[in-house]
Structure formats: C-alpha cells, structure tokens
Amino acid sequence: MQDTELYQQILGIGTPWEVSNVDLNMELGEIVVSVRHAQGTKFCCPQCDQKLSCYDHSPSRRWRHLDSCQFKTMLEASIPRVDCPEHGVKLVQVPWSSPNSRFTLMFEAFAIRLLKATQTIEGARTILRTGWEATWTILERAVERGQARKQSSPLPHIGIDEKSFKKGQNYITLIYDLDNSTVEAISEGHNKEAANECFSQLLPGQIETVEAIAMDMSSAFVNAAKSNIPLAETKIVHDRFYVMKLVNEAVDKVRKQENKRLRSEGDDTLTGTRYLFLKNYDNLKESSQQRLDALFSFKLETGKAWTYKEMLRDLWHHDTAKEAKEFFRWWYRKVIHTRLEPMKKVARTIKTRIDNVVSYCTFSGISNGVAEGINSKIQSIKRRVGGYRNRQNYKTAIFFYCGGLDLDP
Ligand SMILES: [Zn+2]
C-alpha cells in the first residue's frame with residue numbers, strides 16, 4: 001500500500017478529497033500530509049448549500065492532526081472558494097475540520113477526552129504538545145458547540161446557588177438541574193439581577209416545567225424566583241444544606257464572641273476549636289469527639305448553641321409538613337428564650353420562611369446530596385482556576401465539566 005493511500009484511510013478522507021503527498025521531515029519530527037480535491041468538483045456555498053463550481057483557492061493551510069507514532073502530523077490543503085450569486089465569494093466547508101479551527105476534528109475529539117481526563121489545560125496541553133491558548137480554544141469551542149445543540153428538556157427539579165470566584169468576592173450565580181446533576185446557567189454577581197439573568201438563559205419552555213426549586217433563604221433569589229417562575233411561592237424549597245449552613249454560621253458567631261470574652265479574662269479554652277463545632281458530630285474523629293465532649297463540662301454558651309444546632313437536624317426527619325412545622329415551633333421557642341443572639345436571629349429568619357423549609361416533605365425530588373455534589377465538583381474546578389486565568393474562563397470551564405453538554409466535534 002502506498003503511503004498516500006494509507007493516510008487516506010487513516011484520516012478517513014473520501015471523494016472528492018484525496019491524499020496527494022506524504023512528506024516526513026525528520027529534523028522537525030513532522031509529517032505533512034497534503035490533501036487535494038479532484039478537478040471539476042462542485043462545492044456547496046457554506047450559507048445556502050447551493051452547488052457551485054470552484055472559483056479559486058485560498059493559500060495553502062495546515063491543520064494539526066493526531067500524531068503518527070511520535071511525529072507531529074499536519075494536514076495541508078488549499079481550501080476552494082465558491083462565488084455564490086447570493087452570498088458572494090466564500091470558503092467552502094472541509095470535512096476534516098470546523099471552520100476557523102487549526103485542528104482536525106479527530107484531534108479536537110482526542111483533546112476533549114484528554115481535557116476531561118486530566119481535568120486541566122496544563123495537563124492536556126503537555127500531552128498534546130499544544131499551546132495554552134490553542135488548547136483553551138478547543139475547550140471553548142466544545143462548549144459553544146454543546147450549547148448550540150442543547151434541547152429544551154423539562155427541568156422539574158432545579159436549584160439556584162451562588163459561588164465565589166475568589167474567596168469571598170466576585171460571585172457568580174448558577175442554576176442546577178438536580179435530576180441530572182448539571183449546571184444549566186451561570187451569571188455574574190449574586191443579586192436579584194444576576195438571578196434574573198440566570199433564569200433568562202434557560203431555553204424556551206423550560207421555566208414552565210419547573211416543579212420545585214431549591215435555594216438559600218436570601219431575598220434576592222426568592223424574589224427572582226417569584227418574578228420568573230409561575231406560582232414560585234409553592235415551589236421554593238430552602239433545603240437542609242442552606243439552612244444548616246446559616247445555623248452553623250450562627251454557632252460560629254457565638255463561639256467567636258465567647259472566645260473573645262474568655263481570652264480577655266486570660267482563658268483560651270475555645271481557641272482553635274472552630275471546626276469542632278462546625279462539623280456534624282458523627283463526622284468527627286474519636287479524639288475530636290472527646291475534645292468536644294470535654295468542652296461541654298465548662299457550661300459554655302457555644303456548647304448551648306451547638307446543641308440547638310444539632311437538635312435542628314431532626315427538622316428533616318418528618319413525613320409531613322405539619323409535623324415538621326410543629327417540631328420547628330418547639331425548637332424556635334427554646335432558642336428564642338436564650339441569650340444566644342446570633343442563634344435567635346437565624347431562628348427568626350427560618351421562621352419567616354418556614355413553609356418553604358418544610359416543603360421538603362412535598363418534593364422528594366429535591367435532594368441535598370445533589371447540590372452538594374455539584375458544589376464540590378465546582379469547588380475542584382475553582383481550585384484549578386489559576387489555570388483558567390479569569391472569571392469568564394471559569395464559567396466556560398464549569399460548563400465544560402458540569403454542563404452535561406454534547407461536546408464532541
Ligand atoms: Zn450562497
């Protein structure tokens with residue numbers, strides 16, 4: 001078999017295209033495969049598909065293809081242009097590459113698999129021997145392609161959430177599909193406008209299919225849901241993840257205040273104990289459990305706050321909203337009669353939104369685990385975010401890794 005014929009088969013190139021020459025440059029470690037088309041071939045206008053004769057050719061161009069053994073392999077061709085009566089002189093579409101790409105489709109498909117496997121631009125580009133920008137462009141184009149292909153499928157259970165790009169600043173707002181664990185929309189900021197922008201990114205018809213929406217208790221998200229989703233008030237669920245996060249923050253405030261007071265009296269009992277009070281007791285190591293147990297003998301305010309926090313976990317163990325609400329009333333009365341101001345504040349916040357907390361009983365499809373799962377996935381993208389250079393890239397990377405998109409060329 002001739003090398004031209006061999007490459008024709010490897011590249012999957014067929015009529016009207018054929019491999020005319022294969023050139024191995026040992027010095028550069030490069031193979032250049034030249035491709036040309038048969039004389040007299042008619043090509044389609046890329047805009048209207050009308051079949052037209054070849055008008056002229058662009059200067060010869062190269063596309064990076066998958067390596068042949070250790071050799072970088074380039075495909076080389078002059079792209080024909082057609083003169084469409086309607087659209088003017090246009091470059092025709094070649095079967096081995098996307099318009100404006102410097103890579104063949106097979107190379108891009110391989111790069112996408114590597115980007116997924118290595119989880120970083122740096123990791124993929126080291127194996128591919130490509131530049132950072134070029135590798136990023138492949139990822140970006142894959143996301144564009146995936147989003148263009150997206151269909152308006154029903155979204156019965158969604159979540160809306162915020163994430164910070166850098167610690168405590170530069171927020172983004174996201175909408176999750178809780179049934180498929182995917183990110184459906186992302187916008188800048190975390191106010192009502194950001195949430196509105198997120199809802200507007202959903203495809204036509206999807207808003208109407210929402211049956212339940214999980215979110216924290218911030219008024220920004222509640223108000224945005226109300227102005228975007230029909231009958232939102234009956235669909236909002238402030239799930240355990242968000243409620244317990246607030247309660248944990250309140251416990252930490254109590255601890256900080258008490259620690260400050262104790263230290264001013266020369267007592268550092270509470271110093272370095274933050275994580276003991278924040279974690280779920282069952283998730284602590286035995287030694288940490290013992291340390292926490294010992295702290296309780298001091299009759300600390302923090303210990304009381306922690307106990308109320310742990311008690312509140314039972315709110316999510318009821319079968320009906322009515323029972324859950326009764327439990328909350330009991331818990332609320334206990335907390336409100338203490339002097340634990342941060343706990344009282346959070347108890348009042350929950351009370352105003354209690355109907356949308358106990359609504360978890362109605363919506364079994366709203367599961368905590370999912371939001372937490374997507375959260376940790378996004379968190380790990382953020383950890384590699386130095387490699388993504390800016391916030392726009394961060395968003396694109398989230399869609400690439402969590403968008404559930406069809407990315408293949
Ligand atoms: Zn045309």
Side-chain angles (χ1 to χ4, degrees), residues 4-5 7-23 32-66 73-113 115 130-131 133-153 185 200-206 392-393 395-396 399-400 403-409:
T4 50
E5 204 180 314
Y7 268 97
Q8 192 147 321
Q9 293 200 6
I10 293 174
L11 295 169
I13 283 172
T15 40
W17 296 94
E18 60 179 22
V19 173
S20 59
N21 188 42
V22 177
D23 189 39
V32 178
V33 181
S34 302
V35 174
R36 67 174 178 210
H37 64 84
Q39 286 262 316
T41 307
K42 291 202 165 191
F43 291 95
C44 294
C45 163
Q47 263 163 291
C48 65
D49 268 349
Q50 194 183 158
K51 274 208 161 182
L52 300 157
S53 322
C54 181
Y55 172 74
D56 65 358
H57 288 87
S58 73
S60 126
R61 282 188 47 186
R62 285 181 175 194
W63 294 264
R64 173 87 186 273
H65 187 64
L66 297 173
T73 303
M74 312 298 287
L75 209 146
E76 189 179 69
S78 296
I79 309 181
R81 301 200 302 168
V82 290
D83 186 6
C84 174
E86 205 176 320
H87 300 103
V89 177
K90 294 278 170 199
L91 278 175
V92 308
Q93 174 63 37
V94 291
W96 58 81
S97 173
S98 310
N100 302 320
S101 174
R102 291 155 50 204
F103 304 98
T104 65
L105 296 174
M106 278 162 95
F107 187 90
E108 289 202 33
F110 180 60
I112 288 165
R113 275 165 59 197
L115 282 163
T130 45
E133 290 295 340
T135 317
W136 176 258
T137 308
I138 293 175
L139 183 149
E140 212 171 29
R141 200 172 16 238
V143 170
E144 270 168 32
R145 197 161 42 225
Q147 282 178 327
R149 285 174 185 160
K150 237 177 135 168
Q151 306 280 334
S152 171
S153 51
S200 75
Q201 286 174 26
L202 298 182
L203 296 172
Q206 285 189 308
Q392 181 54 44
N393 289 2
K395 291 196 286 185
T396 307
F399 280 129
F400 184 85
L405 300 171
D406 175 9
L407 300 166
D408 281 333

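In listed order, ligands and their atoms are each counted from 1.
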| Between H57 and H37, how do the two ring planes meet: parallel, tilted or perpendicular, split at 30° and 60°? | parallel
| query | Sequence neighbours excluded, which residues qualify as side chain to side chain contact (heavy atoms under 4.5 Å, CB included) partners of R61? | reply | W63, I79
| query | Hey, is the main chain of E76 close enough, under 3.5 Å, to the side chain of S34 for a donor-acceptor pair? | reply | no
| request: Assess the side chains of R141 and S98: does a donor N or O sit below 3.5 Å from an acceptor N or O? | output: no
| Take atom CZ in F43; do more than 12 heavy atoms of anything else shown fall under 6.0 Å from it? | yes
| remark: So the protein N/O/S atoms within less than 2.8 Å of the Zn ion (ligand 1) come down to C45 SG, C48 SG, C84 SG, H87 ND1
| message | Taking atom CG as the centre, does D56 end up with more than 12 heavy-atom neighbours from other residues, nucleotides or ligands that are less than 6.0 angstrom away? | response | yes
